[in-house]
Amino acid sequence: MPGKRNPEDKVSRLTGAVGDTLREKGYHGLGVNKIALRAGVSKPMVYEYFGNLNGLLKAYIGKKDTWLAYFESLELPENPTTEELKNCFIRMLQDQFRYFHGDTEMQKLVLWQISEYNPLMRAVCEAREREGVRLLELADGHFRKSGISLKAVMGMLVGGIYYNVLHDSAGLGTLAGIDIKNEKEFDLMLNMIAQVIEWAFQAAEFAHSTKN
């Protein structure tokens with residue numbers, strides 16, 4: 001059989017089976033027996049290639065959660081201007097909204113992250129958070145002593161993106177009269193992400209100008 005003796009094929013099938021299980025059963029359905037059976041791979045192979053279930057999940061999450069790779073791909077100069085930072089934050093959250101809305105597996109991962117404590121998911125969140133905070137700190141000079149917190153704005157927007165998408169994927173209908181399954185209303189949300197970040201930068205600039 002194709003791939004029978006190919007370790008890379010078995011690894012791919014096992015990580016793929018994790019994603020399939022997440023989509024269909026959620027994180028409660030993740031178990032070595034079920035994943036191995038779905039992948040068509042013997043259970044001992046899970047331990048041979050990954051050590052344990054946690055190792056398999058770590059490999060899957062490392063492949064699926066693209067945020068660290070996304071942070072690395074951001075093209076910012078060593079000393080970015082305020083305009084470059086603002087556009088970077090807008091693009092980043094708009095990309096997040098598009099990606100999260102279109103990826104059921106990522107939705108299940110985030111739902112798992114916020115539903116119960118898991119050391120692996122905690123480590124993933126902390127790694128993502130470190131990179132996000134590092135990026136936010138580049139804008140500290142623009143917001144310092146302005147009374148405007150970009151970190152709070154971004155926290156509210158990220159939380160709003162997660163909730164809007166999870167609300168929609170659960171089939172709960174519109175939220176605040178917005179249906180993100182509708183292309184025009186989805187684009188409206190993208191535009192408002194940009195507008196809110198723009199307002200935050202403008203408000204900080206105005207606060208500084210009134211003090212001078």
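Along the sequence shown, residues carry numbers from 1.
Closest non-hydrogen pair, Q107 versus S169, comes out as OE1-CB, 3.2 Å. Scanning both residues, E84 and P77, for their nearest heavy atoms gives OE1-CG, 3.3 Å. When every heavy atom of Y27 is checked against every heavy atom of S115, the shortest pair comes out as OH-CB, 3.1 Å. K10 approaches Y49 most closely through the heavy-atom pair CD-OH, 3.5 Å. Contact detail for A36 and V46: the closest heavy-atom pair is CB-CG2, 4.3 Å. Residues L190 and F97 share a closest heavy-atom pair of CD2-CD2, 3.7 Å.
Applying the side-chain hydrogen bond (donor to acceptor under 3.5 Å, both in side chains) rule to Y70 yields the partners D95; only residues at least two apart in sequence or on another chain are considered. Listed by chain and residue number, H142, F201 satisfy the side-chain contact (heavy atoms from CB on, under 4.5 Å) test with T82 (two or more places apart in sequence, or in another chain). Take V158 and apply the side-chain contact (heavy atoms from CB on, under 4.5 Å) test, not counting sequence neighbours, and it matches L93, Q96, Y162. Residues satisfying the side-chain contact (heavy atoms from CB on, under 4.5 Å) test with N191, not counting sequence neighbours, are none. Residues forming a side-chain hydrogen bond (donor to acceptor under 3.5 Å, both in side chains) with E137 (at least two apart in sequence, or on another chain): none. Partners of N164 according to the side-chain hydrogen bond (donor to acceptor under 3.5 Å, both in side chains) rule, which considers only residues two or more places apart in sequence or in another chain, do not exist here. Residues that satisfy the side-chain contact (heavy atoms from CB on, under 4.5 Å) test with R23, not counting sequence neighbours, are D20, T104, E105. The side-chain hydrogen bond (donor to acceptor under 3.5 Å, both in side chains) check on K58 picks up nothing, with sequence neighbours excluded.
In this structure the side chain of Y47 never reaches within 4.5 angstrom of the side chain of L53, judged on heavy atoms. Residues L166 and Y163 are not in side-chain contact: their nearest non-hydrogen atoms beyond the backbone lie 4.5 Å or more apart. In this structure, Y60 and L14 have side chains that are not in contact, with every pair of non-hydrogen atoms separated by 4.5 Å or more. The shortest side-chain heavy-atom distance between V153 and W199 does not fall under the 4.5 Å cut-off. Taking the side chain as every heavy atom from C-beta outward, F50 and T15 approach each other to under 4.5 Å. Within the 4.5 Å cutoff, no side-chain heavy atoms of S146 are placed close to those of F206. Considering only heavy atoms from C-beta on, I180 comes within 4.5 Å of M189 through its side chain. Side-chain contact between L157 and I197 is present, with at least one heavy-atom pair separated by less than 4.5 Å.
Distance check, rounded to the nearest 0.5 Å: CD of Q195 to CG of L188 gives 11.0 Å. How far CZ of F71 is from SG of C88: 9.0 Å, rounded to the nearest 0.5 Å. The distance from atom OH of Y99 to atom CD1 of I161, rounded to the nearest 0.5 Å, is 14.0 Å. Put simply, CG on L56 and CD1 on I35 are 5.0 Å apart, with the number rounded to the nearest 0.5 Å. Interatomic distance, Q94 CD to I193 CD1, rounded to the nearest 0.5 Å: 6.0 Å. Note that CG of N54 is 8.0 Å distant from CD1 of I61, once rounded to the nearest 0.5 Å.
Residues in residues 37-51 take part in these salt bridge (charged side-chain N to carboxylate O under 4.0 Å, His left out) pairs, two or more places apart or across chains: E24-R38. Annotation: salt bridge (charged side-chain N to carboxylate O under 4.0 Å, His left out) contacts involving residues 185-203, sequence neighbours excluded, comprise K86-E198. Listed by first then second residue, pairs satisfying salt bridge (charged side-chain N to carboxylate O under 4.0 Å, His left out) with a partner in residues 140-153 number zero, not counting sequence neighbours.
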Check the pair L150, M154 against side-chain contact (heavy atoms from CB on, under 4.5 Å), reporting the backbone distance first and the verdict last. CA-CA 6 Å; L150 180 62; M154 295 293 282; 4.1 Å; yes
What's the verdict on side-chain contact (heavy atoms from CB on, under 4.5 Å) for H208 and E205, showing C-alpha distance, side-chain angles and the deciding distance? CA-CA 5 Å; H208 289 310; E205 184 176 353; 5.8 Å; no
Using side-chain contact (heavy atoms from CB on, under 4.5 Å), reason through D168 and T174 one step at a time and then give a plain yes or no. CA-CA 7 Å; D168 177 69; T174 63; over 6 Å; no
side-chain contact (heavy atoms from CB on, under 4.5 Å) between R98 and F186, worked out: CA-CA 9 Å; R98 292 188 188 96; F186 185 85; 4.2 Å; yes
Indicate every side-chain donor-acceptor pair of residues 117-128 with a distance under 3.5 Å to a residue at least two apart or in another chain.
unit_1	atom_1	unit_2	atom_2	d
N118	OD1	L120	N	2.9
N118	OD1	M121	N	3.1
R122	NE	E126	OE2	2.7
R122	NH2	E126	OE2	3.2
R128	NH2	D65	OD2	2.3

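Residue V133 is not grouped with residue F89 when hydrophobic side chains (ILVMFWY) are merged at heavy-atom distances under 4.5 angstrom, including chains of intermediate members. In the hydrophobic clustering of ILVMFWY residues, with side-chain heavy atoms under 4.5 Å counting as a link, L74 and L85 come out together. Linking Ile, Leu, Val, Met, Phe, Trp and Tyr whenever their side-chain heavy atoms come within less than 4.5 Å puts I114 and W112 in one cluster.
Atom CD of E116 has more than 12 neighbouring heavy atoms from other residues, nucleotides or ligands inside a 6.0 Å radius. Atom CE of M192 sits in a crowded spot, with more than 12 heavy atoms from other residues, nucleotides or ligands closer than 6.0 Å.
At least one donor-acceptor pair under 3.5 Å links the side chain of T21 to the backbone N or O of A17.
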